[in-house]
Amino acid sequence: MTATQRNMPRKTMLVKHADVLVTMDDTRRELRDAGLYIEDGRIIAVGATAELPQTADDVLDLRGHLVLPGLVNTHHHMYQSLTRALPAAQNAELFGWLTALYGVWANLTPEMIEVSTLTAMAELLLSGCTTSSDHLYMFPNGSRLDDSIEAAQRIGMRFHACRGSMSVGQRDGGLPPDAVVEREADILKDTQRVVETWHDAGRYAMLRIAVAPCSPFSVSRDLMQESAALARSYGVSLHTHLAENLNDVAYSREKFGMTPAQYAEELGWLGRDVWHAHCVQLDDAGIDLFARTGTGVAHCPCSNMRLGSGIAPVRRMRLAGVPVGLGVDGSASNDGAQMVAEVRQALLLQRVGFGPDAMTAREALEIATRGGAAVLGRDDIGALAPGMAADFVSFDLRQPIFAGALSDPVAALVFCAPSQVANSVINGRHVVKDGVLGTVDPGPLIERHNRLARQLVDAA
């Protein structure tokens, strides 16, 4: 920091009179008539309104609102918002669904990546998400990860961009068509470029890069191992899909002679710098392995239900000590990216599978905040406490959907119908205010998105 910067006045924000403020701090405090005091995007104080400073550059009176940490989305494929609800893929399990869509996605363009990222992030932001990962593993027609990164910077979302890849096509025994895979040397070279160009390892970083070969059925053993070595040489995280459904497990046993968790162990894909998407069919030995190594899981309940993949054993994972976060997954296997809806579905699905005490409302919210932050390797988001990034959202409790539920407003957010966010602040910047997204105009964006979606489908 230069002397000039040190002498500049600090930008301050005061949040006051929230009906309930959910801190998700180490003691899980929930405060009444409470708020936050923020300087330069960092939380300085959390507490009762009367105990906070009374003036600031930006004052936000949140009477009638529930305030909580911004939700964290740990798994997504944002480009898939261009292919929601396509008839050919509406009633298929994972492998059939992918087979129906690979040929459509082969016509993606850089503009489509940019616009679909903006659209997906707009949906996430309006549903309470402030940090999202995205797993982009197809790069046809000159598309680059940079297209999604630049979109995230424009809209103002905290972003973990995953440089995905597919290298094993059908002629080599993989699932994807040969036309959509890349040469492994090219994958590694571009992954290194992206990390060196964009990754920010600093505390409060708005952008981080992860190395993310798509799945065991679309990349080689060598690429998995070389990707892990590359990621660890730069200190960045690793991400892939694992044990998503029974066919996925059967492929692993037939191709590699071991379970998905055993294959991950053999490849060095375990540890606190690794998180795997889905893990619906992770067995007890795999759960123990993940718990011992601190390997994270992105739980995607809506997608798992949509594709008939099963019910992930999240309760057993958490009891064993596995870090678990929440993910909306791609908008062609969920057809929505509404984070509060995903929190609600996580709770309901665990109860369907394992009983009414399998997950509480507060546990579901914890997975979506602190849990997601831990899975992404962050200690600066996911809770409202001094020293944390000023990422928070508020929901207006005076809506009809909450009528009669205010004896427990925190549980109401999960049990009642999903709500849109009233306010979203990321890194101290107001991104959504009074329910309006302020960084992009949704109207023209959606019109452009729908035009490109039609072009994509027509091209196939």
Side-chain angles (χ1 to χ4, degrees), residues 13 15-24 34-36 38 41 43 58 60-74 76 78 81 118-132 152 155-159 302 326-328 331 334 336-346 361 364-369 372-373 381-384 389-402 405-406 409-443 445-446:
M13 176 183 284
V15 177
K16 62 180 183 179
H17 295 307
D19 279 18
V20 182
L21 188 144
V22 179
T23 66
M24 283 294 168
L36 309 166
I38 296 158
I43 297 174
D58 186 7
L60 195 57
D61 191 320
L62 292 181
R63 298 169 206 263
H65 286 238
L66 170 70
V67 173
L68 65 156
L71 306 181
V72 179
N73 176 31
T74 60
H76 206 345
M78 294 184 182
S81 62
L118 288 170
T119 303
M121 287 187 169
E123 187 175 7
L124 287 168
L125 287 164
L126 289 168
S127 66
C129 180
T130 56
T131 298
S132 183
I155 204 168
M157 175 163 269
R158 199 180 296 276
F159 192 34
C302 286
L326 199 63
V328 300
S331 291
N334 179 343
Q338 218 282 4
M339 280 295 291
V340 176
E342 205 72 39
V343 174
R344 185 172 189 259
Q345 203 64 59
L365 284 171
E366 181 176 308
I367 290 170
T369 52
I381 60 172
L384 303 179
D391 290 10
F392 67 89
V393 293
S394 79
F395 293 88
D396 191 337
L397 295 170
R398 298 164 293 189
Q399 301 176 72
I401 58 174
F402 294 127
L406 299 187
V410 180
L413 182 66
V414 182
F415 279 111
C416 297
S419 172
Q420 294 289 82
V421 76
N423 294 279
S424 176
V425 172
I426 303 176
N427 219 39
R429 178 191 183 193
H430 227 137
V431 177
V432 177
K433 190 168 188 177
D434 297 326
V436 177
L437 179 61
T439 48
V440 298
D441 186 344
L445 172 64
I446 293 168

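- Contact of the Ser132 side chain with the Met78 side chain is registered, since non-hydrogen atoms from C-beta on lie closer than 4.5 Å.
- Leu445 CG to Ile155 CD1: the interatomic distance, rounded to the nearest 0.5 Å, is 7.0 Å.
- No side-chain heavy atom of Phe392 sits less than 4.5 Å from a side-chain heavy atom of Leu68.
- Not a single donor-acceptor pair under 3.5 Å links the side chain of Thr369 to the backbone N or O of Leu71.
- When every heavy atom of Ala120 is checked against every heavy atom of His76, the shortest pair comes out as CB-NE2, 4.0 Å.
- Atom-to-atom distance recorded for Leu437:CG and Met121:CE is 12.0 Å, nearest 0.5 angstrom.
- At least one side-chain heavy atom of Ile401 sits less than 4.5 Å from a side-chain heavy atom of Ser419.
- Residue Ile426 holds its CD1 atom at 7.0 Å from OG1 of Thr131, rounded to the nearest 0.5 Å.
- At distances below 3.5 Å, not a single donor-acceptor pair connects side-chain atoms of Gln345 with backbone N or O atoms of Cys302.
- Taking 4.5 Å as the limit, some side-chain heavy atom of Asp396 sits within range of a side-chain heavy atom of Arg398.
- When all heavy atoms of Cys416 and Arg344 are compared, the pair lying nearest together is O-NE, 3.2 Å.
- Counting only distance, with no hydrogens or angles, the side chain of Asp19 and the backbone of Gly64 share a donor-acceptor pair below 3.5 Å.
- Checking each of Leu62, Val67, Val20, Val340 against Phe395 for a side-chain contact (heavy atoms from CB on, under 4.5 Å) leaves exactly one that passes, namely Val340.
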Residue pair Met157, Val431: steps toward the side-chain contact (heavy atoms from CB on, under 4.5 Å) verdict: CA-CA 8 Å; Met157 175 163 269; Val431 177; over 6 Å; no
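- Within the 4.5 Å cutoff, side-chain heavy atoms of Glu342 are placed close to those of Asn334.
- Here the side chains of Thr130 and Ser424 are in contact, with some heavy-atom distance below 4.5 Å.
- Heavy-atom minimum distance, Pro69 versus Met24: CG-CB, 3.9 Å.
- The two residues Val410 and Leu66 make their nearest non-hydrogen contact at CG2-CD1, 4.1 Å.
- Residue Ser127 holds its OG atom at 7.0 Å from CE of Met339, rounded to the nearest 0.5 Å.
- For the pair Val432/Asn423, no side-chain contact is recorded, criterion being any heavy-atom separation below 4.5 Å from C-beta on.
- Across Ile43 and Ala389, no two heavy atoms sit closer than the pair CD1-O, 3.7 Å.
- Remark: side-chain polar atoms of Asn427 are not paired, donor with acceptor, to backbone N or O of Arg158 under 3.5 angstrom.
- In this structure the side chain of Leu21 reaches within 4.5 angstrom of the side chain of Leu36, judged on heavy atoms.
- For the pair Ala373 and Ile381, the tightest heavy-atom approach, listed with the atom from each and the gap, is CB-O, 3.4 Å.
- Asp391 contributes atom CG, which lies 9.5 Å from atom CD1 of Ile38 (distance to the nearest 0.5 angstrom).
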